[in-house]
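See structure below.
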Amino acid sequence: MTHFLDDLDTLTTPRTDWTRATAGEIYRAPFNDLIFAAQSVHRRCHKANEVQTSQLLSIKTGGCAEDCGYCNQSAHFDTGLKASKLMPLDDVLEAAEKAKAGGATRFCMGAAWRDLKTRDEDAICDMISGVKAMGMETCVTLGMLSDGQAEKLREAGLDYYNHNLDTAPEDYGRVISTRTYQDRIDTLDRVRGAGIHVCTGGIVGMGEDEAARIGLLTELASMDPHPESVPINHLVAVPGTPLGDSKPLDGIDFVRTIATARILMPKSMVRLSAGREGMSKELQALCFLAGANSIFVGEELLTTPNPEKHEDFDLFKTLGIEPMQLPAE
Ligand code: SAM
Ligand code: DTB
Ligand code: SF4
């Protein structure tokens with residue numbers, strides 16, 4: 001009988017009825033079988049040698065009311081980060097122009113907010129429509145949304161909303177206490193309901209166990225439809241945060257996480273997100289082989305370092321990877 005990891009016709013059809021048991025079987029498969037299956041799925045559903053590039057900008061930094069244990073922007077922890085107010089529109093648009101000139105195709109604006117306040121909606125919509133007018137894809141991550149807000153953002157030209165599940169439901173309380181897993185799912189439902197592409201994923205390397213990584217991936221792959229974009233972040237451990245002295249996840253386990261995401265959500269973009277600064281070229285190459293096909297470019301993520309752009313484009317060249325281009329305007 002054919003092993004299910006060899007049945008590519010079935011694997012490349014997205015399904016939302018994954019169980020943790022099957023996801024665990026995939027995650028724990030012999031490494032070569034796992035990578036071969038993930039790469040086979042990948043090249044049936046995506047261009048084999050193409051990677052999408054997004055660039056982040058922190059439009060409002062620090063002083064956040066939430067207590068996410070990984071985050072240096074929470075007002076609950078003393079990390080020495082300087083908080084700032086919402087950035088003026090012109091500065092945001094200038095940064096987006098630079099990102100576009102540097103080759104990024106999507107501009108993702110992040111704010112250290114618990115939720116989007118009515119008073120900030122117009123300023124955010126102006127940023128979205130300004131970036132959209134440059135011909136870039138737009139993404140924002142602003143915390144929780146309430147009824148009607150997602151529609152407003154969509155009308156301004158928003159393509160993607162990022163809001164992460166972060167970890168498995170049973171691990172969540174260890175990391176965050178100020179909002180629930182269900183709050184996150186409610187925001188994602190509002191985003192989906194407004195016709196905005198969903199970008200949601202999580203963080204590994206937070207001291208979670210393997211079951212929690214498999215649980216997170218199963219939650220993501222149970223969303224119907226699957227999120228269009230799935231960021232897999234490795235924790236950027238920041239001293240002063242509760243998770244600041246977490247031990248990095250073993251590289252092979254990290255690659256297993258990426259490969260399992262690729263197989264569970266064959267058509268989604270899987271983003272090798274935060275944490276690349278600490279990764280070797282070889283580890284990143286294995287992640288691309290395992291099906292990652294998106295990265296953040298630019299020397300800063302939101303508040304922490306990311307590889308220099310020229311290093312990333314050199315790596316692409318070494319690997320024969322083409323950065324994804326936007327369709328001609
Ligand atoms: N405040 C909003 C929120 O939490 O939804 C938007 C910005 S928040 C920084 C976006 C995401 O970045 C978080 O959900 C988390 O998954 C990720 N993140 C934050 N700090 C991180 C860190 N130190 N390492 C890795 N990922 C991190
Ligand atoms: C996501 O999943 N990763 C990005 C983006 N969505 C907003 C954020 C990573 C943040 C890393 C820590 C920092 O630079 O502040
Ligand atoms: Fe605030 Fe977002 Fe950081 Fe949580 S992850 S503390 S919500 S900025």
Side-chain angles (χ1 to χ4, degrees), residues 54-77 79-84 86 106-117 120 124 138-145 160-167 171-172 175-181 183-188 190-191 198-208 216 220 227 229-246 248-249 254 261 269-279 292 294-307:
S54 294
Q55 187 150 345
L56 285 162
L57 177 70
S58 181
I59 56 171
K60 195 271 162 198
T61 302
C64 182
E66 301 277 334
D67 70 351
C68 310
Y70 46 76
C71 187
N72 60 339
Q73 303 203 64
S74 165
H76 296 254
F77 323 128
T79 61
L81 182 77
K82 200 171 163 286
S84 59
L86 186 62
R106 187 177 308 160
F107 196 62
C108 179
M109 295 164 272
W113 285 330
R114 172 177 162 75
D115 49 19
L116 174 60
K117 301 277 187 295
D120 294 314
I124 295 292
T138 55
C139 175
V140 293
T141 179
L142 313 168
M144 293 185 282
L145 297 179
Y160 290 80
Y161 194 90
N162 167 250
H163 198 64
N164 291 335
L165 293 183
D166 281 346
T167 187
D171 188 42
Y172 185 84
V175 181
I176 299 145
S177 79
T178 47
R179 67 177 151 187
T180 65
Y181 214 71
D183 288 334
R184 292 182 183 250
I185 290 168
D186 292 346
T187 288
L188 291 170
R190 292 187 171 109
V191 171
V198 171
C199 172
T200 185
I203 312 177
V204 298
M206 297 195 293
E208 76 287 343
L216 165 68
L220 294 167
S229 177
V230 181
I232 304 292
N233 295 278
H234 186 289
L235 175 71
V236 179
V238 182
T241 60
L243 297 173
D245 52 11
S246 305
L249 182 63
F254 188 75
M269 301 297 288
V270 174
R271 183 171 308 112
L272 167 55
S273 301
R276 285 194 307 113
E277 177 74 344
M279 290 181 200
S294 171
I295 59 169
F296 286 120
V297 290
E299 65 199 26
E300 204 170 31
L301 291 162
L302 289 171
T303 64
T304 66
N306 194 45

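First listed ligand is number 1; within each ligand, the first listed atom is number 1.
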Identify the two heavy atoms, one from [X] and one from [Y], that lie closest to each other, and give their separation to 0.1 Å.
X    : Y    : result
G275 : L301 : N-CD1, 4.4 Å
G63  : A75  : C-CB, 3.8 Å
N72  : L81  : O-CD2, 3.4 Å
G205 : L249 : CA-CB, 3.9 Å
A83  : G62  : CB-C, 4.0 Å
T141 : N162 : OG1-O, 2.9 Å

(message) For R184, is there an ion pair with D166 - N to carboxylate O distance below 4.0 angstrom?
(response) yes
Among all protein heavy atoms in this structure, tell me which lies nearest to [atom], with the distance rounded to 0.1 Å.
atom                    : result
atom 5 (C) of ligand 2  : F296 CZ, 3.7 Å
atom 12 (C) of ligand 2 : T304 OG1, 3.6 Å
atom 8 (C) of ligand 2  : L302 CD1, 3.9 Å

Give the atoms of ligand 2, by number and element, whose distance to some non-hydrogen atom of [X] is under 4.0 Å.
X    : result
P231 : 2 (O)
T141 : 7 (C)
N164 : 1 (C), 2 (O)
T303 : 13 (C), 14 (O), 15 (O)

Return the [atom1] to [atom2] distance between [X] and [Y], rounded to the nearest 0.5 Å.
X    : Y    : atom1 : atom2 : result
T138 : M109 : OG1   : CE    : 6.0 Å
I176 : D171 : CD1   : CG    : 9.5 Å
T241 : L235 : OG1   : CG    : 7.0 Å
R276 : N233 : CZ    : CG    : 11.5 Å
Y161 : C199 : OH    : SG    : 11.0 Å
C68  : R179 : SG    : CZ    : 5.0 Å

(request) Any atoms of ligand 3 less than 4.0 Å from a non-hydrogen atom of Y70? List them with their elements. (result) 5 (S)
(request) Show which atoms of ligand 3 fall inside a sub-4.0 Å distance from at least one heavy-atom site of R179. (result) 7 (S)
Could you check ligand 1 for N or O atoms lying under 3.5 Å from protein N or O atoms and list the pairs with distances?
from     : atom 1 : to   : atom 2 : distance (Å)
ligand 1 : 1 (N)  : A111 : O      : 3.2
ligand 1 : 1 (N)  : W113 : O      : 3.2
ligand 1 : 4 (O)  : R179 : NH2    : 3.2
ligand 1 : 14 (O) : D166 : OD1    : 3.4
ligand 1 : 16 (O) : N164 : ND2    : 2.8
ligand 1 : 16 (O) : D166 : OD1    : 2.7
ligand 1 : 23 (N) : Y70  : O      : 3.1
ligand 1 : 23 (N) : V236 : O      : 2.9
ligand 1 : 24 (N) : V236 : N      : 2.9

(message) With a 4.0 Å cut-off on heavy atoms, is N233 in contact with ligand 2?
(response) yes
(request) Verify the neighbour count for atom CD of E300: are there more than 12 heavy atoms of other residues, nucleotides or ligands below 6.0 Å? (result) yes
(message) With side chain to side chain contact (heavy atoms under 4.5 Å, CB included) as the criterion, how do Y70 and V236 come out once you've worked through the C-alpha distance, each side chain's angles and the decisive distance to 0.1 Å?
(response) CA-CA 8 Å; Y70 46 76; V236 179; over 6 Å; no
(message) Less than 2.8 Å away from atom 1 (Fe) of ligand 3, how many protein N/O/S atoms can be counted, ignoring water?
(response) 1
(request) Answer side chain, backbone, both or neither: which part of N162 comes under 4.0 Å from ligand 2, heavy atoms only. (result) side chain
